[in-house]
Amino acid sequence: QVQLVESGGGLVQAGGSLRLSCAASGRTFSNPFMGWFRQAPGKEREFVAAITWTGSGATYPYYTNSVKGRFAISRDNAKNTMLLQMNSLKFEDTAVYYCAGDPVGAYYSPEYQYWGQGTQVTVSS
């Protein structure tokens with residue numbers, strides 16, 4: 001019984017920035033991972049970034065190669081919110097972005113127990 005709600009999507013010019021948020025509520029995860037995936041029309045859902053955390057509060061980010069150096073994932077433990085800061089956006093980043101929690105497989109595979117409804121990110125040329 002976990003709810004994930006994304007926000008922050010929109011239309012932005014190439015080279016611009018957006019910040020996506022994912023608010024989580026409900027029971028705690030079995031596996032301490034949250035991630036971002038995206039899906040463009042006619043394409044498979046692909047991994048973007050993920051973050052895991054320890055009981056001491058340390059966090060560890062992971063990124064797909066195409067967004068390294070441009071995107072930054074973070075988590076506010078107190079607010080139970082995950083953020084994705086997206087800079088230097090490209091037209092190729094245009095997709096519906098989904099928040100995911102509690103993976104049943106590898107963190108980079110789209111095999112998570114919980115998903116948000118998605119938020120549209122459109123990057124114009």
Side-chain angles (χ1 to χ4, degrees):
Q1 294 182 342
V2 173
Q3 289 188 350
L4 302 176
V5 180
E6 304 99 330
S7 62
L11 175 65
V12 65
Q13 295 184 67
S17 299
L18 284 173
R19 176 173 289 181
L20 305 184
S21 297
C22 175
S25 62
R27 298 179 181 180
T28 57
F29 297 154
S30 297
N31 297 310
F33 281 86
M34 294 183 71
W36 290 98
F37 291 77
R38 65 187 182 188
Q39 188 166 20
K43 296 185 177 180
E44 297 289 325
R45 187 169 298 187
E46 67 171 346
F47 169 74
V48 177
I51 189 166
T52 187
W53 56 95
T54 68
S56 62
T59 58
Y60 302 91
Y62 304 89
Y63 302 95
T64 191
N65 286 337
S66 64
V67 307
K68 287 182 178 178
R70 299 191 298 122
F71 292 8
I73 190 170
S74 62
R75 182 173 184 269
D76 186 329
N77 293 327
K79 297 182 178 180
N80 206 23
T81 299
M82 179 177 65
L83 304 175
L84 183 68
Q85 178 66 46
M86 304 186 294
N87 299 322
S88 302
L89 283 162
K90 305 174 181 179
F91 176 78
E92 305 90 87
D93 295 317
T94 297
V96 177
Y97 283 69
Y98 296 91
C99 173
D102 204 350
V104 297
Y107 68 85
Y108 51 82
S109 296
E111 301 291 337
Y112 282 67
Q113 291 192 22
Y114 308 104
W115 294 89
Q117 81 287 350
T119 185
Q120 177 71 49
V121 172
T122 303
V123 184
S124 62
S125 60

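In this chain, residues are counted from 1 in sequence order.
- Looking only at side-chain heavy atoms (C-beta outward), Q113 and V104 come within less than 4.5 Å of each other.
- Note that CD of E92 and OG of S66 are 9.0 Å apart. Values are rounded to the nearest 0.5 Å.
- Under the side chain to side chain contact (heavy atoms under 4.5 Å, CB included) criterion, S56 pairs with T54, A58, sequence neighbours left out.
- In this structure, the side chains of C99 and W36 come closer than 4.5 Å at one or more pairs of heavy atoms.
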Q: Quick one: do I73 and M82 satisfy side-chain contact (heavy atoms from CB on, under 4.5 Å)? Show the steps, please.
A: CA-CA 7 Å; I73 190 170; M82 179 177 65; 3.8 Å; yes
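- Taking OG1 from T59 and CE from M34, the interatomic distance works out to 13.0 Å, rounded to the nearest 0.5 Å.
- The hydrophobic cluster containing Y97 does not contain F91, counting ILVMFWY residues as joined when their side-chain heavy atoms lie under 4.5 angstrom apart, directly or transitively.
- By the side chain to side chain contact (heavy atoms under 4.5 Å, CB included) test, K68 is found to be paired with Y63, N65, residues two or more places apart in sequence or in another chain being considered.
- Partners of S109 under the side chain to side chain contact (heavy atoms under 4.5 Å, CB included) rule, at least two apart in sequence or in another chain, are A106, E111.
- Grouping Ile, Leu, Val, Met, Phe, Trp and Tyr by side-chain contacts under 4.5 Å, direct or through others, puts Y112 with F33, F37, F47, Y60, Y62, V96, Y98, Y107, Y108, W115.
- In this structure, T64 contributes its side chain and V48 its backbone to no donor-acceptor pair below 3.5 Å.
- Hydrophobic clustering, defined by side-chain heavy atoms of Ile, Leu, Val, Met, Phe, Trp and Tyr closer than 4.5 Å, leaves V5 isolated from every other such residue.
- Contact of the R38 side chain with the T94 side chain is not registered, since no non-hydrogen atoms from C-beta on lie closer than 4.5 Å.
- Atom CD in Q117 sits 4.5 Å away from atom CD in E6 (nearest 0.5 Å).
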Please report, to 0.1 Å, the donor-acceptor pairs under 3.5 Å made by any side chain of residues 11-22, with sequence neighbours excluded.
{"unit_1": "S17", "atom_1": "OG", "unit_2": "N87", "atom_2": "OD1", "d": "2.9"}
{"unit_1": "R19", "atom_1": "NE", "unit_2": "Q85", "atom_2": "OE1", "d": "2.6"}
{"unit_1": "R19", "atom_1": "NH2", "unit_2": "Q85", "atom_2": "OE1", "d": "2.9"}

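- Annotation for L89 and M86: closest pair CD2-CB, 3.8 Å, computed over non-hydrogen atoms.
- Side-chain atoms of D102 come within 3.5 Å of backbone atoms of N31 as a donor-acceptor pair (strictly under, hydrogens ignored).
- For the atom pair L4 CG and T81 OG1, the distance stands at 10.5 Å (nearest 0.5 Å).
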